[in-house]
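Position 1 is the first residue of the sequence, and the numbers go up from there. What you see below is based on every heavy atom in this structure, not just the backbone, and it leaves out hydrogens, waters and symmetry mates.
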Amino acid sequence: MKILLTTLNSKYVHSNLALKYLYTVVAGENSHVELREFTINNDPGYIFSELVRANYDMVCFSCYIWNIEQIKLLACDLKEARPETKILVGGPEVSFRGPEFMRENPWADYAICGEGEYPFYRLCQVMESTHRRFDTVPGLIYRQEGKIYVNALLEPMDFNLIPFPYSVLDCEEDRVVYYESSRGCPFRCSYCLSAAETSVRFLDLDRVKSELGYFLYKKPVQVKFIDRTFNARPERAYEIFKYLIDNDNGVTNFHFEICADLLDDRTLKLLSYARKGLFQMEIGIQSANPATLAAIGRKENVYPVLYNTERLVQLGNIHVHTDLIAGLPYESYEIFARSFDKVYPLGADMLQLGFLKVLSGTPLYNQVEAHGIKYRSRAPYEVISTDYIRAGELVRLKMIENMLDIYYNRGGFETALKFLIDTVGCGAFGFYEKLADFYYEKGYQHRDRKKEDQYRILLEFAESLAGGSESGDIKDRTRQLLEADMSRSTNAEIVKRFLRKGWELTR
């Protein structure tokens, strides 16, 4: 039986760890299973042609919010072209609404809910057998004689029984390598799918070190831990950090999602010895409003998080990424602005301004009426408005998000931004709000612009801040700082070409 494991990743550099696990558990017994990944940017006709001409007996799709709509269209077309091809779906977009998904999508023959390693292994056995006892596959939803049957879920397995995916698959050097040393999360954030899990399961520390040793040997550019809270056990996290520092290959970057208030003095001291570029930390602050934090199941006191995040940033050798989420309960536009102004001064390398997504299977999914949450009916189910923030205000935050990404997260404007924020005098949020108004009123959002144009636009904004001689002083100082920022972030030839063209923006 010829089986394909596939998905549509959001970018080429991304890869799908879930499919790698499924491939690994059957690789020794079924040589007819293939793994092939596409992206949402591939031409749909190309993907369709590749699937049809390969004559697969079963195609298995891994479904997420970023690819589910495209997978639905692709799978429907595939079923029309090859009715005999069985289609299996799994992943977060299926796991929490499996029977409903099967009723809505008649092209789907099977769905696996929950962890898929053993159910997929067992399904492959059943598909190869003479008597197809689909009722023996835990977590499987299947069609039979026009009816939909739902099997009981499998209890979570001992994580150590699941094989290391890269024991049979190559470690792709041109893609991010995804890895997990634990499954589950000790926290129950109401907007997160991990809130549905009841425990955290850890791989044995010796196994983790051995597998990380393989990555250190292979030297991929980045290994990204997908552990929901990597430092849920601070002592264990310390041992892994120490192992990676002691065995640093000088090339690979390791990315972690951490809880900042679990960092202690000992760990911060250890991290200070890491090579610059060895570690990247992502810290989901989400909000600084106590009522909001309580409503989503997080600690109401955000100050230990802010304090430790700032200490981590001040080490100067670790790339720090912070997150805020707009649209959460009890957070108005004004309250979100206050959260922004508490997080921005921490000086993280990136500040991602995200927007609430209402996901099936999360506690918040069942609380939308209580908070008047309206959200898009199609993936990624992003918030439209709530009882606390209007649709127009969320759109305004989208504008600010765009400015933040262009001028802060991409880098290259550091000293000019600091000067202009001080000059505007209404805080970081107020500055980006004014910049967004200027940018959109001028219509600069209507097409993609080169980075050199963004320097010219920021100078034009500086000129608009005040009238008379004061405006000239602001413009001259901003120009000096932008030239200095450009010199630090690009090579000398690019700066020379820029200055030859001049500061006049070509519209």
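For R82 and E84, the salt-bridge test passes: some basic side-chain N is under 4.0 Å from an acidic carboxylate O. Ion pair R396/D437 flagged as a salt bridge, since at least one NZ, NE, NH1 or NH2 atom sits closer than 4.0 Å to an Asp/Glu carboxylate oxygen. Between E69 and R376 there is no salt bridge, since no side-chain N of the basic residue sits under 4.0 Å from a carboxylate O of the acidic one.
When every heavy atom of I283 is checked against every heavy atom of V305, the shortest pair comes out as CG2-CG1, 4.3 Å. The nearest pair of heavy atoms linking S190 to A295 is OG-O, 3.9 Å. M350 and N409 make their closest contact through CA-OD1, 3.3 Å (heavy atoms, listed as atom of the first residue, atom of the second, distance). Between I285 and L293, the shortest heavy-atom contact is O-CD2, 4.2 Å. Heavy atoms only, all atoms of each residue included: L74 and P44 are closest at CD1-O, 4.4 Å. Residues V223 and Y179 come closest through the heavy atom pair CG1-CB, 4.1 Å.
For the atom pair CG of N41 and CG of D43, the computed distance is 11.0 Å after rounding to the nearest 0.5 Å. L505 CG to Y455 OH: the interatomic distance, rounded to the nearest 0.5 Å, is 14.5 Å. To the nearest 0.5 Å, atom CG of residue L35 and atom CG of residue N16 are 7.5 Å apart. Annotation: the span from I3 atom CD1 to C124 atom SG amounts to 4.0 Å, rounded to 0.5 Å. Atom CE of M399 and atom CG of L353 lie 13.0 Å apart (nearest 0.5 Å). Here L278 contributes atom CG and L244 contributes atom CG; the two are 6.5 Å apart, rounded to the nearest 0.5 Å.
Among residues two or more places apart in sequence or in another chain, the side chain to side chain contact (heavy atoms under 4.5 Å, CB included) test is passed with L73 by none. Every residue two or more places apart in sequence or in another chain was checked for a ring pair (Phe, Tyr, Trp, His ring centres under 6.0 Å) with Y365, and none qualifies. Here N105 pairs with K72, F101, W107 under the side chain to side chain contact (heavy atoms under 4.5 Å, CB included) rule; sequence neighbours left out. Partners of Y408 according to the side-chain hydrogen bond (donor to acceptor under 3.5 Å, both in side chains) rule, which considers only residues two or more places apart in sequence or in another chain, do not exist here. Residues meeting the ring pair (Phe, Tyr, Trp, His ring centres under 6.0 Å) test with Y166, sequence neighbours left out: F164, F215. For F230, the ring pair (Phe, Tyr, Trp, His ring centres under 6.0 Å) test picks out F225, F241, F256, with sequence neighbours left out.
Side-chain contact between L359 and P92: absent, with no pair of heavy atoms (C-beta onward) separated by less than 4.5 Å. Side-chain contact between K398 and F355 is present, with at least one heavy-atom pair separated by less than 4.5 Å. Between V176 and Y178, some side-chain heavy-atom pair lies under the 4.5 Å cut-off. Considering only heavy atoms from C-beta on, L154 stays 4.5 Å or farther from E115 through its side chain. Using a 4.5 Å heavy-atom threshold, the side chains of C185 and T229 count as touching. Within the 4.5 Å cutoff, side-chain heavy atoms of E93 are placed close to those of Y381. Within the 4.5 Å cutoff, the side chain of F254 has no heavy atoms near those of the I240 side chain. In this structure, the side chains of V126 and Y142 stay at 4.5 Å or more apart for every pair of heavy atoms.
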Check: side-chain hydrogen bond (donor to acceptor under 3.5 Å, both in side chains) between D174 and Y12: does it pass, once the steps are laid out?
Finding: CA-CA 9 Å; D174 62 342; Y12 172 78; 2.6 Å; yes
Note to self: Assess the residue pair F187 and C259 against the criterion (side-chain contact (heavy atoms from CB on, under 4.5 Å)); give the C-alpha distance rounded to whole Å, side-chain angles, the decisive distance to 0.1 Å, and a yes or no.
What the structure shows: CA-CA 10 Å; F187 305 107; C259 184; 4.2 Å; yes
Check: When you look at R228 and S194, which way does the side-chain hydrogen bond (donor to acceptor under 3.5 Å, both in side chains) test go after all the steps?
Finding: CA-CA 8 Å; R228 288 295 190 179; S194 291; 2.8 Å; yes
Check: Checking side-chain contact (heavy atoms from CB on, under 4.5 Å) for the pair R183/I162: CA distance, chi angles, key distance, verdict?
Finding: CA-CA 12 Å; R183 284 188 179 176; I162 297 172; 3.5 Å; yes
Next item on the list: Kindly determine whether R298 and S287 satisfy side-chain contact (heavy atoms from CB on, under 4.5 Å), including the steps that lead there.
Entry: CA-CA 10 Å; R298 294 171 72 97; S287 174; over 6 Å; no
Next item on the list: Begin from the C-alpha positions of Q445 and Y439 and carry the test side-chain hydrogen bond (donor to acceptor under 3.5 Å, both in side chains) through to its verdict.
Entry: CA-CA 7 Å; Q445 79 279 15; Y439 200 96; over 6 Å; no
Item checked: Test log, rule side-chain hydrogen bond (donor to acceptor under 3.5 Å, both in side chains), inputs Q280 and H319 -> CA-CA 5 Å; Q280 185 168 309; H319 182 98; 4.7 Å; no
Margin query: As a quick check of understanding, evaluate ring-ring contact (aromatic ring centres under 6.0 Å, His included) for F429 and Y333, giving each step before the final call.
Written below: CA-CA 11 Å; F429 185 86; Y333 183 87; 5.5 Å; yes
Notebook entry, point to check: Are T39 and L8 close enough, and set up right, to give a side-chain contact (heavy atoms from CB on, under 4.5 Å), and what steps lead you there?
Noted result: CA-CA 4 Å; T39 80; L8 277 64; 6.0 Å; no
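Partner of Y388 under the side chain to side chain donor-acceptor pair (under 3.5 Å) criterion, out of E334, E331, H371: H371 alone. The only member of R143, R132, K79 that meets salt bridge (Lys or Arg N to Asp or Glu O under 4.0 Å) when paired with D109 is K79. None of D405, D323, L404 except one satisfies the side chain to side chain contact (heavy atoms under 4.5 Å, CB included) rule with L351; the exception is L404. Residue Y56 is tested with E34, H32, K2 for a side chain to side chain donor-acceptor pair (under 3.5 Å); the sole match is E34.
Y344 and F340 have parallel rings, their planes meeting at less than 30° on a 0 to 90° scale where 60° marks the start of perpendicular.
N67 contributes a side-chain N or O that, together with a main-chain N or O of S62, makes up a donor-acceptor pair within less than 3.5 Å. Judged purely by atom type and a 3.5 angstrom limit, N249 uses its side chain to pair as donor or acceptor with the backbone of L216.
Both the sub-6.0 Å distance and the 45° axial angle are satisfied by R233 relative to the ring of F202.
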